[in-house]
Amino acid sequence: MSTLAKLTFATCCLISVGIIGYVHYKQQYDRELLHEGVLRDIERQQRRKIENIYNLQQQIELTRELRKHVTNEGNS
């Protein structure tokens, strides 16, 4: 086999190994990004849940105050 053929073969092998390595790296990176997206969604849902509970508590408190106010005006 000539030196040029050996060099071409080696170059093709190195390029193939590089492409395969890059594809595996890119797949792992994409999986990590997807997983981070899921974690962000869970955190966002938790924050919304906390905000909704806070808003509900505020509404309950306002309802109590309104009932007290209406009751006091009705007694007057």
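This structure is a prediction, so every number in the text was calculated from the model and none was measured.
Taking Ala10 as the reference, nothing meets the side chain to side chain contact (heavy atoms under 4.5 Å, CB included) condition, with sequence neighbours excluded. Evaluation of the side chain to side chain donor-acceptor pair (under 3.5 Å) rule for His69 yields Glu73 as partners, not counting sequence neighbours. Applying the salt bridge (charged side-chain N to carboxylate O under 4.0 Å, His left out) test to Glu61 and every residue at least two apart in sequence or in another chain returns Arg64.
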Would you be so kind as to tabulate the donor-acceptor pairs closer than 3.5 Å made by side chains of residues 48-59, with sequence neighbours excluded?
unit_1 : atom_1 : unit_2 : atom_2 : d
Asn52  : ND2    : Arg48  : O      : 3.3
Tyr54  : OH     : Gln58  : NE2    : 3.3
Asn55  : ND2    : Glu51  : O      : 3.4

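Cluster partners of Leu66 are Val70, counting Ile, Leu, Val, Met, Phe, Trp and Tyr whose side-chain heavy atoms approach within less than 4.5 Å, directly or via other members. Taking Ile, Leu, Val, Met, Phe, Trp and Tyr as hydrophobic and joining them when side-chain heavy atoms fall under 4.5 Å apart, one finds Val38 in a cluster with Ile42.
Residue pairs meeting the side chain to side chain donor-acceptor pair (under 3.5 Å) criterion with at least one partner in residues 3-26, sequence neighbours excluded, are Lys26-Asp30. Here salt bridge (Lys or Arg N to Asp or Glu O under 4.0 Å) pairs that include residues 31-45, with residues two or more places apart or in two chains, are Asp41-Arg44.
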